[in-house]
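What follows is a short report on a single structure.
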Amino acid sequence: MYIVLAPAARNIPVPAGTEPEAYLQRTDAHGAPAGPPAVVPAGKLAETVRGLDAGAPRWVFDSTRDAYLPLLAAGTGVDRSHDLALVRSILSLSVYTPDTAYIRALREEPIAHQDDELPRHLPPLQQSPDQFTLFDEPRADGTALEDLVAELQDQLAAVAASPQRARLQLLLAAESAGALIAAEMEHSGVPWSEDIHLDILSSHLGERPREGQRPEKLEDLAVKLGQELANPSFSPDSPQQLIRALHRAGIEVKTTSSWELKEHSHPAIEPLLQYRKLSRLFTANGWAWLDAWVRDGRFRPEYVAGGVVTGRWASRGGGALQIPGQIRDAVRPDPGRKLLVADAAQLEPRVLAALAQDSALAAAGRDKDLYQGIADAGFGGDRAKAKIAMLGAMYGATTGESGRLMPQLTRTYPQAIAVVERAARAGEAGQVVSSYLGRSCPPPSDRWLAAQRTTTAEEQRRADGLARSRGRFTRNFVVQSTAAEWALCWLAELRRRLRGCAAEGTSVGDMVFFLHDEVMLHVHEDRTDMARRLVEESAAAATRLVFGRIPVEFPVSVAVVDSYADAK
DNA sequence: GCGTGGAGCGCG
DNA sequence: AAAGCGCGCTCCACGC
């Protein structure tokens, strides 16, 4: 049922005379060992895993990325998994987790689930003063095979005793599937045309500059800016110099951010905004970025599944989740392939409709754009207004246009608004809130709690500010986290279907990119209709999985294109 | 020289 | 027309 995999490097000492690559332990449905552990000799792991996966086990990894990327490199995939670290992180916070010794222990060591930057398998420094002995001695690090098996048992027992076992099980399965998908996407990479990227850079910036120099067009703008501000030597990269120069030129801004600059009219503003735009392209996605992240026609970022408190993915290096529209034209399919870009339309407000069982909001999104539906029902058909109002409701806006539009929204969708308001009040009071499937937000920090127990008026103002800030966080958490689990289920369902097709000899394509509510497939050009159908089926399946039978639609918009730039 | 926090901006 | 959630990256400014 489960097979626990422990890379041998973490199970030193090595048995004499052998050179194992990994240890495997088969267990029953409760994680209890079934038979003795297997020692997999060097060079045989991928092959062994491939053979065992036919028996449809759930592979147990301490870190999916560490264990699975090498398998993928050897051409081996697995069907299902259980990621101990991700499950640990969810269980330690979830309100659906029962009070077991394992959970209590987790909650007493906050670092284990809060700080992913500290790999659990590295012992504290004071325990290994000599770096050279580090790899020759047994590590008391809790990742030996038997410790992984023990933790699996603890986790399965906790889920079994949960008052919401089904939801929690689904969440943990989806989270683990997400980790597999993240590794697979990292392995496949995003098809990237270096030539087109270079064309974009040269047309916007000019030739690649020498190390430490500005590109030609950026330099021109800096010079022009110096002239307009009558200050030839200042650097627009320095906020302090910049704001002083602006003030001297009579432009009275509090910050130098673009939206505030746009409110003034002065001949220096246009070149400044242009400089900003190009400077960002140069520094964040320029030649250096290309050198670092694109090789052999693939952009290979590192994804961090479960890297965000709400359950969204994060990324490390390469800014994978912030690819600017400016360079999306560089994402091109291989010959014989197409890009299929699917987007869950207005996912978060639809999730809110489901959470609140708000039939008016559900109706507004039936067979149409949800924001347009809201607009038609209460904002005179003005879609932009409806969208601002809805986003404001989910983010906790109090001022500005968004704040002004809120009352109208509350009149039309009292049930939906009540859900986010309740979440906000809970957060302000220091409570935790949870997603539909049971991912809970972190409790307030000790500093936050201490701030709430203040007496002086000034401290009280600060405490109120902190409370409102937490309220905005929890308000958004219920929606964002539930949207993230819908999206994970969507991806997992899609993965299952794609693997099913491949197993039958009909390769449809690969999942190559995921961005919160949007997925990109690199599909064979003669199977785009099939891919489209799988994506749509998966969305329907995800809705059923998460919410059961509900009268809320979760439509996906699908574009089959030859450039990512054409997807929107 | 090194780490950190803020500003600014990219994405959803 | 503009302030309210979640991130990552790059730069500068600052303190050590």
Side-chain angles (χ1 to χ4, degrees), chain A residues 116-117 214 234-243 253-263 272-273 275-286 288-289 292-293 301-328 341 343-349 351-352 382 384-385 387-406 420 423-424 427 433 435 439 441-442 465 468-484 487 513-519 564 568:
Chain A
D116 291 335
E117 295 299 313
R214 279 194 189 109
F234 91 110
S235 161
D237 295 326
S238 160
Q240 295 188 355
Q241 290 183 40
L242 179 57
I243 201 156
V253 286
K254 283 195 185 64
T255 71
T256 67
S257 62
S258 297
W259 69 266
E260 196 181 346
L261 289 169
K262 282 176 193 159
E263 290 172 346
L272 175 53
L273 294 176
Y275 179 90
R276 280 269 174 79
K277 187 98 187 145
L278 291 184
S279 168
R280 183 166 174 91
L281 174 64
F282 172 56
T283 56
N285 297 103
W289 181 90
W293 296 103
E302 177 183 340
Y303 298 103
V304 187
V308 179
V309 274
T310 58
R312 280 183 172 184
W313 289 8
S315 69
R316 189 154 42 214
L321 307 185
Q322 308 129 256
I323 301 171
Q326 247 176 338
I327 60 164
R328 291 193 175 190
V341 182
D343 177 290
Q346 306 98 40
L347 178 56
E348 291 194 349
V351 159
L352 178 55
D382 188 334
K385 266 191 181 171
K387 183 174 178 180
I388 283 169
M390 195 70 223
L391 290 176
M394 292 188 296
Y395 291 166
T398 52
T399 62
E401 183 174 14
S402 190
R404 281 197 304 280
L405 293 169
M406 274 284 294
V420 285
V433 297
S435 71
R439 188 191 303 268
C441 75
R468 279 193 299 274
S469 172
R470 180 172 170 83
R472 289 191 299 274
F473 166 61
T474 52
R475 167 196 295 268
N476 185 250
F477 185 96
V478 293
V479 177
Q480 190 183 118
S481 61
T482 306
F513 189 59
F514 173 52
L515 187 52
H516 310 316
D517 60 0
E518 173 184 323
V519 64
Y564 190 20
K568 281 263 158 79

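These numbers come from the heavy atoms of this one structure, side chains and all, not from hydrogens, waters or symmetry mates. Proteins get letters first, then strands, A, B, ... in listed order; numbering begins at 1 in each.
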*For the residue pair A/Y564 and A/F513, does the interplanar ring angle fall in the parallel (under 30°), tilted (30 to 60°) or perpendicular (over 60°) class?*
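It falls in the perpendicular class, over 60°.
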*Taking N and O atoms by type only, does the side chain of A/R276 place a donor or acceptor under 3.5 Å from a partner on the base of B/dG8?*
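No pair found.
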Base, sugar-phosphate alone, or nothing: which one does [X] contact when heavy atoms must sit under 4.0 Å apart?
X: A/R280; answer: base
X: A/R470; answer: nothing
X: A/E348; answer: nothing
X: A/I323; answer: sugar-phosphate
X: A/K568; answer: sugar-phosphate
X: A/G325; answer: sugar-phosphate
X: A/T398; answer: sugar-phosphate
X: A/T255; answer: sugar-phosphate
X: A/S402; answer: base

What nucleotide among [options] has an atom nearest to a side-chain atom of [X]?
X: A/A314; options: C/dC5, C/dA3, C/dG8; answer: C/dG8
X: A/V309; options: C/dA1, C/dC11, C/dG6; answer: C/dG6
X: A/Q322; options: B/dG12, B/dC11, C/dT10; answer: B/dC11
X: A/P324; options: B/dG10, C/dC5, C/dC7; answer: B/dG10
X: A/V308; options: C/dC7, C/dG4, B/dG12; answer: C/dC7
X: A/H516; options: C/dC12, C/dG6, C/dG4; answer: C/dG6

[N] phosphate, OP1 or OP2: any side-chain N/O from [X] under 4.0 angstrom?
X: A/S258; N: B/dC9; result: yes
X: A/K277; N: B/dG10; result: yes
X: A/S257; N: B/dA7; result: no
X: A/Q240; N: C/dC14; result: yes

Interatomic distance, [X] [atom1] vs [N] [atom2] [rounded to whole Å]:
X: A/E260; N: B/dA7; atom1: CD; atom2: P; answer: 13 Å
X: A/L391; N: C/dA1; atom1: CG; atom2: P; answer: 18 Å
X: A/L261; N: B/dG8; atom1: CG; atom2: P; answer: 9 Å
X: A/L273; N: B/dG8; atom1: CG; atom2: C1'; answer: 12 Å
X: A/W313; N: C/dG6; atom1: CH2; atom2: C1'; answer: 16 Å
X: A/Y303; N: C/dG6; atom1: OH; atom2: P; answer: 23 Å
X: A/E263; N: C/dA1; atom1: CD; atom2: C1'; answer: 9 Å
X: A/Q326; N: B/dC11; atom1: CD; atom2: C1'; answer: 13 Å

[X] side chain to [Y] backbone, donor-acceptor under 3.5 Å:
X: A/T482; Y: A/V479; result: no
X: A/R470; Y: A/G427; result: yes
X: A/S481; Y: A/G311; result: no
X: A/S469; Y: A/G465; result: no

*Judged by modelled atom types alone, do A/E260 and A/T255 share a side-chain donor-acceptor pair under 3.5 Å?*
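The answer is yes; a qualifying pair exists.
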*A/A320 or A/Q241, whichever maps to the more 5' nucleotide of DNA chain C*: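 The answer here is A/A320.
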_First of A/Q480 and A/I388 reached from the 5' end of DNA chain C, by closest nucleotide_ =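 Taking each residue's closest nucleotide, the earlier one in sequence belongs to A/I388.
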*Applying the side-chain contact (heavy atoms from CB on, under 4.5 Å) test to A/L242, which of A/V253, A/D237, A/L272 qualifies?*
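Exactly one option meets the side-chain contact (heavy atoms from CB on, under 4.5 Å) with A/L242, and it is A/L272.
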*asked:* Only pairs with both distances under 3.5 Å count, Watson-Crick or wobble alike; so what is the partner of B/dC11 in this structure?
replied: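 Across any shown strand, B/dC11 pairs with C/dG6.
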*Who pairs with C/dC11 - Watson-Crick or G-U, where each distance is under 3.5 Å*: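 The answer is B/dG6, by the H-bond criterion.
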